[in-house]
Protein chains: 2
Amino acid sequence: MTATGPLVLVVDDEAQVRRFLRAALTSRGYRLLEAESVREAEQLATGHNPDIYLLDLTLPDGDGVDLARRLREWTKAPIIVLSARGREEDKVNALDAGADDYLTKPFGVNELLARLRVAQRHAQASPEQPVVLETGPLRVDLSRREVTVEGREVRLTPTEYRLLALLARHAGRVLTHRQILREVWGPNATEAHYVRVHMAELRKKVEADPARPRLLVTEPGVGYRLRDRVESA
Amino acid sequence: MTATGPLVLVVDDEAQVRRFLRAALTSRGYRLLEAESVREAEQLATGHNPDIYLLDLTLPDGDGVDLARRLREWTKAPIIVLSARGREEDKVNALDAGADDYLTKPFGVNELLARLRVAQRHAQASPEQPVVLETGPLRVDLSRREVTVEGREVRLTPTEYRLLALLARHAGRVLTHRQILREVWGPNATEAHYVRVHMAELRKKVEADPARPRLLVTEPGVGYRLRDRVESA
DNA sequence: GAGCATCTTGACGCCGCCTTGATGTCCGCG
DNA sequence: CGCGGACATCAAGGCGGCGTCAAGATGCTC
């Protein structure tokens with residue numbers, strides 16, 4: 001249950017079509033951007049980076065196929081063409097220009113929604129790249145939720161992991177007690193003591209000498225920091 | 001440019017349609033497999049693991065929509081439905097079952113070829129994942145729906161299999177209770193207890209010592225994970 | 001409609017984690 | 001030199017998550 005659905009950019013010069021799409025999509029949780037021209041569309045696209053595009057082909061200041069081609073130069077978001085033109089040549093041109101689908105007007109709302117779901121499936125399938133941080137003997141793989149020290153796997157409790165992951169995402173930078181509390185314990189946590197206790201546990205599991213931390217260092221009066229480069233001396 | 005083009009599995013019971021597709025595709029460098037029934041299609045699919053599927057909906061021994069759904073359990077290869085049925089309901093069903101596109105007969109050759117190119121673009125964006133997963137004594141063949149432990153076949157109930165298959169598709173990474181519930185029990189399932197009970201059953205059948213799981217490990221407070229590398233110690 | 005397999009639902013006990021308080025240590029500053 | 005504040009450490013306790021068992025509920029095949 002996401003708070004806000006995918007952002008869709010509708011590009012069509014007919015107000016009637018836009019109204020129809022607005023009714024169909026917003027009621028399903030999609031967020032909408034609307035453009036009436038190529039110029040306006042590109043402006044909104046670069047500004048908001050939508051998740052999905054719905055393009056008409058005939059626009060007052062240019063061709064939808066060219067718009068699709070230019071969008072494809074910088075975004076992989078799904079592009080669905082909605083056009084009254086039903087000629088095969090139009091379809092082939094649009095699809096080869098980078099469009100992912102082509103619906104001929106008039107079309108049913110349910111078919112459009114189904115094809116939008118297909119587009120979302122494709123967008124979601126894009127491979128997630130591993131996010132790993134390595135510093136000294138410590139290795140934190142955020143995509144696999146895996147922590148190792150000198151190759152040995154370390155078992156962490158949920159809060160220990162959240163604490164370490166937070167520091168790892170901002171490796172090298174200081175995080176204040178406030179920031180840590182808000183991120184790990186929620187927005188209305190106040191007990192700074194939590195952080196100390198769990199930091200001690202974390203050091204026991206991660207540091208070679210928990211009494212003299214080399215990775216999870218204290219910044220007195222400010223907060224904590226995870227060193228991103230470790231000198232051996 | 002590959003030496004040999006993508007392997008396409010055509011599933012249609014009319015010889016005329018198959019001949020038409022054969023002429024259109026082989027001349028463009030595609031390699032072709034042909035099936036006249038669901039049974040034949042699944043046999044060829046598991047045996048050759050095609051790159052693209054072209055499915056008719058009305059088949060002598062079953063429904064193309066069910067075929068698409070079953071293929072989607074183990075392959076992400078593009079599925080394009082070619083059907084004489086033009087009702088919106090048919091399209092929605094097929095697309096939601098896992099089809100990527102839907103063309104109503106009769107259609108133009110050039111449009112089909114353009115949509116095939118779109119499908120290939122998508123396939124290229126997401127690297128294919130292995131169909132069988134092996135980790136320690138466990139082996140899961142997603143295309144055959146077959147699970148073995150140390151060579152011995154294991155009988156799983158439908159939900160047990162869906163649970164294991166889900167974990168196998170994401171082997172090595174943690175799946176949260178939420179994710180598991182959504183994927184196995186549907187989008188509005190909430191009872192986290194389901195997962196525990198069925199996980200226990202699964203462990204009884206798969207783990208050497210169900211009390212000390214080495215493959216299906218729980219990540220406390222988060223979810224479960226199927227180990228993709230198993231150390232012997 | 002009987003019988004079977006499977007899924008759901010509830011009860012219960014254990015273990016681990018988080019919280020919380022007490023105490024100890026370091027350091028700067030008056 | 002004594003004091004206070006920030007930080008570290010330890011231990012106790014409560015609570016919730018997790019595993020397990022088992023009894024209904026459901027749905028299927030024959």
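Just so we're on the same page: letters track the sequence lines, and every chain starts at 1.
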Check your understanding: Is there a donor in the side chain of A/Arg173 and an acceptor in the side chain of A/His170, or the other way round, less than 3.5 Å apart?
Key ->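 On atom types as modelled, these side chains do not qualify, holding no pair under 3.5 Å.
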With the threshold set at 4.0 Å, does a side-chain nitrogen-carboxylate oxygen contact exist between [X] and [Y]?
X: B/Glu36; Y: B/Arg18; value: yes
X: A/Glu111; Y: A/Arg115; value: yes
X: B/Glu146; Y: B/Arg144; value: no

Practice item. Give the first and the last nucleotide of DNA chain D, reading 5' to 3', that has any atom under 4.0 Å from a heavy atom of chain B. Key: D/dC18 to D/dT20
Review point. Parallel, tilted or perpendicular: which describes the rings of A/Tyr194 and A/Trp185, with under 30° parallel and over 60° perpendicular?
Key: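 It falls in the tilted class, 30° to 60°.
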Review point. For residues 81-101 of chain B, which residue pairs qualify under ring pair (Phe, Tyr, Trp, His ring centres under 6.0 Å), counting only residues two or more places apart or in two chains?
Key: none
Check your understanding: Does A/Glu207 reach the main-chain N or O of A/Lys204 with its side chain, forming a donor-acceptor pair under 3.5 Å?
Key -> no
For nucleotides 5-9 of chain C, list the nitrogen or oxygen atoms of the protein found under 3.5 Å from its nitrogen or oxygen atoms, one pair per line.
{"from": "C/dT6", "atom 1": "OP1", "to": "B/Arg155", "atom 2": "NH2", "distance (Å)": "3.3"}
{"from": "C/dC7", "atom 1": "OP1", "to": "B/Thr157", "atom 2": "OG1", "distance (Å)": "3.4"}
{"from": "C/dC7", "atom 1": "OP1", "to": "B/Thr159", "atom 2": "N", "distance (Å)": "2.9"}
{"from": "C/dC7", "atom 1": "OP1", "to": "B/Thr159", "atom 2": "OG1", "distance (Å)": "2.2"}
{"from": "C/dC7", "atom 1": "OP2", "to": "B/Thr157", "atom 2": "OG1", "distance (Å)": "2.7"}
{"from": "C/dC7", "atom 1": "OP2", "to": "B/Thr159", "atom 2": "OG1", "distance (Å)": "3.1"}
{"from": "C/dC7", "atom 1": "O5'", "to": "B/Thr159", "atom 2": "OG1", "distance (Å)": "3.2"}
{"from": "C/dT8", "atom 1": "OP2", "to": "B/Trp185", "atom 2": "NE1", "distance (Å)": "2.9"}
{"from": "C/dT9", "atom 1": "OP2", "to": "B/Tyr194", "atom 2": "OH", "distance (Å)": "2.4"}

Practice item. Write down the distance between CZ (B/Arg196) and P (C/dC14), rounded to a whole number of angstrom. Key: 17 Å
Check your understanding: Considering residues, nucleotides and ligands other than B/Lys105, do more than 12 of their heavy atoms fall under 6.0 Å from its NZ?
Key -> yes
